[in-house]
Enquirer: 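Before we start, here is the structure in question, set down as structure tokens.
In this text, all values refer to a predicted model and were calculated from it rather than measured experimentally. The chain is numbered in sequence order, starting from 1.
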Amino acid sequence: MARLFDVDPEEAKAGLPLSAYGAGIHAADRSRILTTFREAARNGWPYVTEFRVISADGVLHWVLVRGRFSHNHRGRPAGGSGIVVDITDLRTNDRGPAFTQTETGFLTGEPPLERAAAAAMIAYRAIDAVPDPGLKARAEALLFEIGRKLAAQERAEQRKGFN
């Protein structure tokens, strides 16, 4: 995540304010996204949104973020947690919300968990148009769990590099 938002990985691990990540958000999306985050933090709402970021290497990425802010004993925002999923491939290969074999052809050869993330994103987009909050919540939960597994997988790969 630090590389996606062009922040120092060690500082990100220690914890950074939202404003530190704001600079990595594409200028055209920044105001909208920061407003979304501030409203979610102030009102205690969960958030799910997509936007563009400029990574440390200057490449444009699309991300899906889902999370919630925590509050201190006075009811003020004190931190947050959530997931960030790079959906650039989905956005650049997007042909609509339907989940069909031809639309998932770009997934061939991808690792299983990444294929699952891509398929879950396509399903989430389709479900988002259905007026069923319970179904939408389940789709979000699936994305959250896949994001956790991907993060754990990446941490394990990083640990292998240290040994």
Enquirer: Checking Asp29 side chain against Arg52 main chain: does a donor-acceptor pair fall under 3.5 Å?
Expert: yes
Enquirer: Side-chain contact test, heavy atoms from C-beta onward, threshold under 4.5 Å: evaluate it for Phe51 versus Val65 and give yes or no.
Expert: yes
Enquirer: Quick one: closest heavy-atom pair of His61 and Thr88, and the distance?
Expert: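 That would be CA-OG1, 3.2 Å.
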Enquirer: Among residues at least two apart in sequence or on other chains, which ones pass side-chain hydrogen bond (donor to acceptor under 3.5 Å, both in side chains) with Lys149?
Expert: none
Enquirer: Ignoring hydrogens, what is the shortest heavy-atom contact between Ala2 and Ala12? Give both atom names and the distance.
Expert: CB-CB, 4.0 Å
Enquirer: Would you say the side-chain atoms of Arg148 pair up with the backbone N or O of Phe144, donor to acceptor, closer than 3.5 Å?
Expert: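 Side chain of Arg148 to backbone of Phe144, a donor-acceptor pair under 3.5 Å: no, none is there.
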Enquirer: Is any side-chain heavy atom of Val84 closer than 4.5 Å to a side-chain heavy atom of Leu64?
Expert: no
Enquirer: If every non-hydrogen atom of Pro77 is compared with every non-hydrogen atom of His71, which pair is closest and at what distance?
Expert: N-CD2, 3.4 Å
Enquirer: Calculate, to the nearest 0.5 Å, the distance between atoms OG1 and CZ belonging to Thr49 and Arg66 respectively.
Expert: 13.0 Å
Enquirer: Quick one: pull up CD1 in Ile83 and CD1 in Ile146 and give me the separation to the nearest 0.5 Å.
Expert: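 The CD1 atom of Ile83 sits 8.5 Å away from the CD1 atom of Ile146.
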Enquirer: If we only count heavy atoms from C-beta on, is the Asp89 to Trp62 side-chain gap below 4.5 Å?
Expert: no
Enquirer: Could you see if Leu16 belongs to whatever hydrophobic cluster contains Ile25? Use Ile, Leu, Val, Met, Phe, Trp, Tyr and a side-chain cutoff under 4.5 Å.
Expert: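 Yes, it is one cluster - the side chains of Leu16 and Ile25 are joined through contacts under 4.5 Å.
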Enquirer: Mind checking whether Val85 and Met1 sit in one hydrophobic cluster, side chains of I, L, V, M, F, W, Y counted as touching below 4.5 Å?
Expert: no
Enquirer: If you take all heavy atoms of Tyr21 and Val7, which pair is closest and at what distance?
Expert: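 Distance-wise, the nearest heavy atoms are CE2-CG2, 3.7 Å.
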Enquirer: Would you say Arg3's side chain and Ser55's backbone share a donor-acceptor pair under 3.5 angstrom?
Expert: no
Enquirer: Which donor-acceptor pairs under 3.5 Å do the side chains of residues 33-48 make with protein atoms, sequence neighbours left out?
Expert:
{"from": "Thr35", "atom 1": "OG1", "to": "Ser31", "atom 2": "O", "distance (Å)": "2.8"}
{"from": "Thr36", "atom 1": "OG1", "to": "Arg32", "atom 2": "O", "distance (Å)": "2.9"}
{"from": "Asn43", "atom 1": "ND2", "to": "Glu39", "atom 2": "O", "distance (Å)": "3.0"}

Enquirer: What are the two closest heavy atoms between Leu4 and Val53, and how far apart are they?
Expert: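 Shortest heavy-atom separation between Leu4 and Val53 comes out as O-CG2, 3.6 Å.
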